[in-house]
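Down below is the structure, laid out as structure tokens.
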Amino acid sequence: MTNPTVTDLITRSNRLGSDPKNTNYAGGNTSAKGTETDPVTGEPVELLWVKGSGGDLGTLQEKGLATLRLDRMRALVNVYPGIDREDEMVAAFDYCLHGKGGAAPSIDTAMHGLVDAAHVDHLHSDSGIAIATAADGEELTRKIFGDKVVWVPWRRPGFQLGLDIAEIKKANPQAVGTILGGHGITAWGDTSEESEANSLWIIEQAQKYIDDNGSAQPFGGVRAGFEALPATDRTAKAAALAATIRGLASTDAPMVGHFTDAEVVTDFLASERAPELAALGTSCPDHFLRTKVKPLIVDLPADASVEDTIARLKELHEEYRADYAAYYERYATDESPAMRGADPLIVLVPGVGMFSYGKNKQTARVAGEFYINAINVMRGAEALSTYAPIDESEKFRIEYWALEEAKLQRMPKPKTHQGRVAFVTGAASGIGKAIAIRLANEGACVVVADLDLEKAQAVAEELGGSDVAIGVAANVADEEGVKAAIDATLLAFGGIDLVVNNAGLSLSKPLLETTEKDWDLQHDVMAKGSFLVSKAAAKPLIEQGMGGDVIYISSKNSVFAGPNNIAYSATKADQAHQVRLLAVELGEHGVRVNGINPDGVVRGSGIFAGGWGAQRAATYGVNEEDLGQFYANRTILKREVVPENVADAVYVLTGPELTRTTGLHIPVDSGVAQAFLR
């Protein structure tokens, strides 16, 4: 049975964390102190429950809490070796855990345990950080809150900060919280309700003071020519730039992208002071750990051509990398971890919007959300004073902190397809859906492209929603429709790495009954459709410079001459030769092109359910429900081929094991001797 104190803590945390005005995603932490019966002694024991490392308040569950013995945790004060060795105290928390201890304790655990209050909240609210990063933040704190909130000069999170805040509370019994210079807020209360109310009061009072007293134009006037483009022009230019920017951002490691043209971003980029403020970087540790110390901002007006913007982006990227390397060299010591990469995580394009990057879609999206938080912080600080983030040296100390490095090393090993973006046609059912599921399970972001938009979106939701997959309408026989689907891919995930030409349909007729319309339909969807998809995807694949994969789901019929199948088999042979042709043409760009030749995949197939199954059953003189077994019985292995078997082949061809393979066709047919490749 869950302790009532824990129930209250989870409820409070979820309420606070679900409102972005209170704290950013995975930012801040909350705690509660209470008692439970010690199962060893049978006596009451006082415990501290605190949000564990890396958790998110809005979605926090009991398993995300670290649970510590409060007496042991507070006894660490007696062995604290001083600020020069305070990092050692994080390892000491392990000796204070109650039972299995739950989640890993975070660096802020000391603050929660040492402050003499039953409930403590530490939050990264935009309004609170605006006061915390104002040049005269201490004076503003007194003006806004009187003696109810105490200013704490910047100190890196850790044991000493916990001691400092505990002493501040003791010396200021009237206080309900603190403003942490350059960082955020901390509040407390005797009850969960009181702590939450105090947190919200600080946040709301700070915002009210900014609204009532702040400058109307904290970022200055508008730079002529840097205003937001019309919506359709913004998205068109963003799609045209996306592959290039993603390639630049992935110079050191593959990244997934996220794009937003939210008004808060485009207004900031149109302002006179945007370049100056962007160069100062973010301040709150949670912000710059996600966004790097500063963004790359394009210095061209909104109407600059795509070609000119790309050329300038490449120049600015070289400058950014050199600047970041110099930043690392300025502050790195012999004990510092190796530089983790010099590419920007935030790229700002005036008139267009913001591109943000991360190891997966969620990380990329959250990085963008954090930079919007940073814009709001800068606006609030500049409205009242001057934005003054923490020193660059302090940012480096946190970015390359041994504790941060240890946290990164604890993260699970990435899956084989993490960081890759897959575009699968005909993916709302059958083979395409099985491929989409397999690739998503292996860590890829997946675009479910299908003629039926509603079904495509339903499959995307099954896969995990927009941080994993999106559904798009795609008539592969329509060039404009294909381009729109590829553009949607670029805007959703930043780029494209893996294309699966799977969309198809089938008609089973002998030569004399096959009409010109039948022939054109088969070739439009599969031969022309595959060509159009491959052509549209090739441009961003080449621009990214990251290599990639194109897979054709062809058929054993591309080499096997079966009866009553002239239109279908001829177009499959066309697809099979496209594989060879494109393997030769795209190889110099690191793009591998391979094919898969399945036998009849009856189970779960939209093609077979749409009439092809009945036609083929009639051709072979069997009942339609027996068609799958009929196909299996004529194979060497006597095993039916199902959609998941084809998906397995896609996984192998696009995974890490066959990186030197291109121009290959893999049979997935249980062994059809007449279709052996010669």
Side-chain angles (χ1 to χ4, degrees), residues 83-88 90 107 133 153-158 160-161 181-183 244-255 257 274-299 311-348 354-359 363-364 367 370-371 374 377-378 387-411 414 419 545-546:
I83 194 166
D84 292 338
R85 293 172 54 195
E86 71 169 341
D87 289 358
E88 298 172 22
V90 173
I107 189 64
T133 56
W154 162 258
R155 184 184 290 282
R156 189 175 63 161
Q160 187 61 52
L161 181 61
H183 187 165
T244 297
I245 301 177
R246 187 206 181 194
L248 296 175
S250 300
T251 300
D252 288 324
M255 293 286 172
E276 168 198 350
L277 291 168
L280 292 175
T282 54
S283 185
C284 176
D286 263 25
H287 292 183
F288 60 75
L289 284 172
R290 304 270 188 159
T291 66
K292 269 199 163 73
V293 288
K294 61 183 177 181
L296 185 158
I297 180 168
V298 174
D299 52 5
R312 186 59 179 146
L313 275 162
K314 290 179 179 178
E315 294 172 348
L316 291 169
H317 178 248
E318 288 186 14
E319 294 173 11
Y320 188 99
R321 285 178 60 83
D323 183 65
Y324 187 85
Y327 154 79
Y328 179 85
E329 291 299 326
R330 276 196 298 277
Y331 304 112
T333 67
D334 292 341
E335 290 75 36
S336 297
M339 189 168 70
R340 299 194 191 99
D343 299 316
L345 295 179
I346 303 292
V347 177
L348 303 170
M354 173 173 60
F355 298 83
S356 55
Y357 297 92
K359 63 183 180 180
T363 306
F370 273 66
Y371 199 76
V377 166
M378 289 186 277
Y387 175 61
I390 64 174
D391 289 343
E392 187 180 75
S393 60
E394 286 298 298
K395 293 180 185 180
F396 182 87
R397 287 183 68 208
I398 289 179
E399 186 178 359
Y400 286 94
W401 201 356
L403 296 177
E404 183 64 25
E405 181 69 12
K407 182 177 176 181
L408 292 173
Q409 294 303 321
R410 289 197 302 267
M411 298 183 74
M546 298 169 63

- [ ] Please work out which of the three classes, parallel, tilted or perpendicular, describes the rings of H183 and W154, given edges at 30° and 60°.
- [x] tilted

- [ ] Look up atom CG in L277 and atom OG1 in T282, then write down how far apart they are to the nearest 0.5 Å.
- [x] 12.5 Å

Task: Pairwise distance OG(S356) to CG(L348) - rounded to 0.5 angstrom - done: 9.5 Å

Task: Heavy-atom side-chain proximity of L280 to M378 below 4.5 angstrom - done: no

- [ ] Mind checking the CZ-CG spacing from F355 to L313? Nearest 0.5 Å is all I need.
- [x] 8.5 Å

- [ ] Specify the closest pair of heavy atoms between S393 and Y331, including all atoms of both residues, with the distance to one decimal.
- [x] CB-CE2, 3.5 Å

Task: Minimum heavy-atom distance between G358 and A364, given as atom pair plus value - done: N-CB, 3.5 Å

Task: Identified side-chain contact (heavy atoms from CB on, under 4.5 Å) partner of P344 from the options L316, L296, I297 - done: L296

Open item on the list: Measuring only between side-chain heavy atoms, which start at C-beta, is S283 closer than 4.5 Å to Y387?
Closed with: yes

Task: Ionic contact status for E392 with K395, cut-off 4.0 Å - done: no

Task: E318 vs R321, salt bridge (Lys or Arg N to Asp or Glu O under 4.0 Å): CA-CA, chis, key distance, verdict - done: CA-CA 5 Å; E318 288 186 14; R321 285 178 60 83; over 6 Å; no

Open item on the list: Tell me if the aromatic rings of Y328 and F396 count as close, with their centers under 6.0 Å from one another.
Closed with: yes

Open item on the list: Would you compute the distance between atom CZ of R246 and atom CG of D343 and round it to the nearest 0.5 angstrom?
Closed with: 12.5 Å

Task: Carboxylate-amine/guanidinium contact R156 D87, below 4.0 Å - done: yes

Task: Presence of salt bridge, R397 and E394, under 4.0 angstrom - done: yes

Open item on the list: Between E86 and L161, is there a side-chain heavy-atom distance shorter than 4.5 Å?
Closed with: no

Open item on the list: Could you check whether Y327 and E399, counting side-chain N and O atoms only, form a donor-acceptor pair closer than 3.5 Å?
Closed with: yes

- [ ] Please indicate whether E276 has more than 12 foreign heavy atoms, meaning atoms of other residues, nucleotides or ligands, lying under 6.0 Å from its CD.
- [x] yes

Open item on the list: Tell me if a side-chain donor or acceptor on Y371 pairs with a main-chain N or O of R290 at a distance below 3.5 Å.
Closed with: no

TODO: For the residue pair V347 and Y357, establish whether any side-chain heavy-atom pair is separated by less than 4.5 Å.
DONE: yes

Task: Euclidean distance, D252 CG relative to M339 CE, rounded to 0.5 Å - done: 6.5 Å

Open item on the list: Any non-hydrogen side-chain atom of K294 less than 4.5 Å from a side-chain atom of Y324?
Closed with: no

Open item on the list: Quick one, I346 and K292 - any side-chain contact, counting heavy atoms below 4.5 Å?
Closed with: no

- [ ] Find out whether I398 and F288 are in side-chain contact, i.e. whether some heavy atom of one side chain is under 4.5 Å from a heavy atom of the other.
- [x] yes

